[in-house]
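Chain naming here is simple, since letters A, B, ... match the order of the sequence lines and numbering starts at 1 in each. If you're wondering where the values come from, they're calculated on a predicted model, not measured in any experiment.
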Amino acid sequence: MSQLADKAKGDKLVGEVLAGSIRTASRLISRAEACDSSITPILKQLFCKAGDPVLLGITGPPGAGKSTLVNQLIQHYRKHDKCVAVLAVDPSSPFSGGAILGDRVRMNQHAADPGVFIRSMASRGQLGGLAKATGDALSILQAMNFDVIILETVGVGQSEVEIVRHASSVLVLQMPGAGDGVQSVKAGILEIGDIYAVNKSDLPGADKLVTSLREMLQLSSKMHPWLPPVVAIQANTGAGIDRLVQHIGEHRDSIRSGGEVHASRARERVRYRVVEICRQLLNESVFSGAGVTDTQLSAIANHQQDPYTLAEKLVGVL
Amino acid sequence: MSDLSSPADRASPTIRCLLGMLGTDVHNKGIRTLAQMLRDHGIEIIYLGEHNTCEGMTQAIIAEDADLVGLSYSSSNYLDYTRQLIDTMREQGVGDVPVMLGGLIHPEDSDALRQMGVSGIFGPGSKIEDILDFIHRAVGRADEPAR
Ligand SMILES: Nc1nc2c(ncn2[C@@H]2O[C@H](COP(=O)(O)OP(=O)(O)OP(=O)(O)O)[C@@H](O)[C@H]2O)c(=O)[nH]1
Ligand SMILES: [Mg+2]
């Protein structure tokens, strides 16, 4: 197809996304998941049309109640007439590449609501709790006039740094009985959260967990204008959700009021995103043949050439 | 943190299959088993569980960009539900997404179901190979070997 026709087609898709077409957005997300680089011109345009939604990441161990909480948050925001998009990531099987994406079950009550867009994504080999196409999907959703975008990670529980690289507010969900304080410190979760919620507060040990999280956060809090609050909630009944939403709003206000800490975090996210895109471009050139020949690969396999030089050459090409 | 060697990058697009139950049907054992088997053959399952409405399921097909839909029934009103779902899908512009049924389907209903637009029917004792073969053909990727 001619370049001109391609551009017209791309412009049409951009227009549809900007007008709020869920179908077009979901098709584009599939193409991003399939690493279809022909959508890059579309993503470029959409990126520059981004609105200013709340961009909330939710992470926490498997079964902590993340999806149940997302369901409550959707309900809350819908009551206030806010449109909500959700990207819910579940793990791919490392053996078959298949996946069972089950987060949506917990949010079924919003299935037919046109003000809610829920998309399930498989991690597809990406480590760290998110999917490879998360960044692209966010570029699409941010151009769509959603008031709130929620990202649910895979239930990991340790070093879910990825979420910090995509979300502007990070909510860490914990539950009683999943380990003691030292484990939270080890897992690095005290460094990534802007807000902490202890779910299943109907279960024994919840109060103690709230108290110990507060203590540890106080100790570890740096010279930061924001001390992360800790809230006890019950995602299956909605108890505590109002207060949690209030904290989410306060964190957003804190971001909006400026300040170097938030600005530098935003720059850090961009830095990471650029590297992520570079990686994908390299991936394409290394694996789809154009950048690397079989002869080169064999020469390296036989130790006649070295991989460092080839890597330098490829990065130079970028 | 991306896994650079991920073979998924080069393979053809992963099949995304929506699985769920409509109405008041609650016997989800069959569909859970199917979900696991398909997962083990490289398919991404968007699991909707029980108690879905036709409208909700159709919106999920759109938002998830599903390649096909699988429904499981254990009660007898599947003709009505299936017709309603396919009607809603057509109204919403996703009538071309293949629909397959599983569970307790009476053989004498299969003509009626196919006429409605159901393209695969897998009663009790169906073989996973047959289901996989159907799925690959239905989504137009029959030339691919099942992984
Ligand atoms: N007792 C109790 N159970 C809850 C509460 N909130 C959620 N649950 C239950 O916890 C289980 C797991 O909930 P999910 O929302 O699926 O948890 P998740 O963190 O999304 O799980 P993954 O995505 O698999 O990591 C479900 O059975 C919920 O009903 C709560 O406040 N109290
Ligand atoms: Mg979940």
Quick check on B:Glu50 against chain A: is it the side chain, the backbone, both or neither that has a heavy atom closer than 4.5 Å?
backbone

Derivation and outcome, side chain to side chain contact (heavy atoms under 4.5 Å, CB included), residues A:Val105 and B:Leu48:
CA-CA 5 Å; A:Val105 179; B:Leu48 296 190; 5.5 Å; no

Distance in Å, B:Leu68 CG paired with B:Met100 CE, rounded so as to fall on 0.5 Å steps:
5.0 Å

With distance as the sole criterion, is a donor-acceptor pair present between the side chains of A:Thr309 and A:Asp306 under 3.5 Å?
yes

Would A:Glu162 and A:Tyr272 count as having a side-chain donor-acceptor pair, cut-off 3.5 Å?
yes

With only heavy atoms counted, which part of A:Glu33 is less than 4.5 Å from chain B, the side chain, the backbone, both or neither?
side chain

Does a donor on one side chain and an acceptor on the other come within less than 3.5 Å for A:Glu276 and A:Gln280?
no

Output the distance between atom CG (A:Asp90) and atom OG (A:Ser123), rounded to the nearest 0.5 Å.
8.5 Å

Do other residues, nucleotides or ligands put more than 12 heavy atoms under 6.0 Å from the CZ atom of A:Arg271?
no

Neighbour count >12 (heavy atoms, 6.0 Å) for atom CG, B:Asn77
yes

Heavy-atom proximity to chain A below 4.5 Å, by part of B:Ile43:
backbone

For residues A:Asp103 and B:Tyr47, is any side-chain donor paired with an opposing acceptor at under 3.5 Å?
no

Applying side chain to side chain contact (heavy atoms under 4.5 Å, CB included), run through A:Arg119 and B:Glu64 and close with a yes or a no.
CA-CA 6 Å; A:Arg119 174 65 181 237; B:Glu64 299 288 354; 3.5 Å; yes

Those residues of residues 23-32 of chain A, ordered by number, that approach chain B below 4.5 Å (heavy atom to heavy atom):
A:Arg23, A:Ser26, A:Arg27, A:Ser30

Contact list (residues 110-117 of chain A to chain B, heavy-atom gap under 4.5 Å, by number) returns A:Ala111, A:Ala112, A:Phe117

Salt-bridge present (B:Asp87, B:Arg83; N to O < 4.0 Å)
no

Derivation and outcome, side chain to side chain contact (heavy atoms under 4.5 Å, CB included), residues A:Leu56 and A:Ile149
CA-CA 6 Å; A:Leu56 177 71; A:Ile149 299 176; over 6 Å; no

Most chain A-contacting option - heavy-atom pairs closer than 4.5 Å, from B:Ile45, B:Ile61, B:Ile46:
B:Ile45

Quick check for you: among B:Ala63, B:Gly93, B:Gly56, which has the greatest number of heavy-atom pairs under 4.5 Å with chain A?
B:Ala63

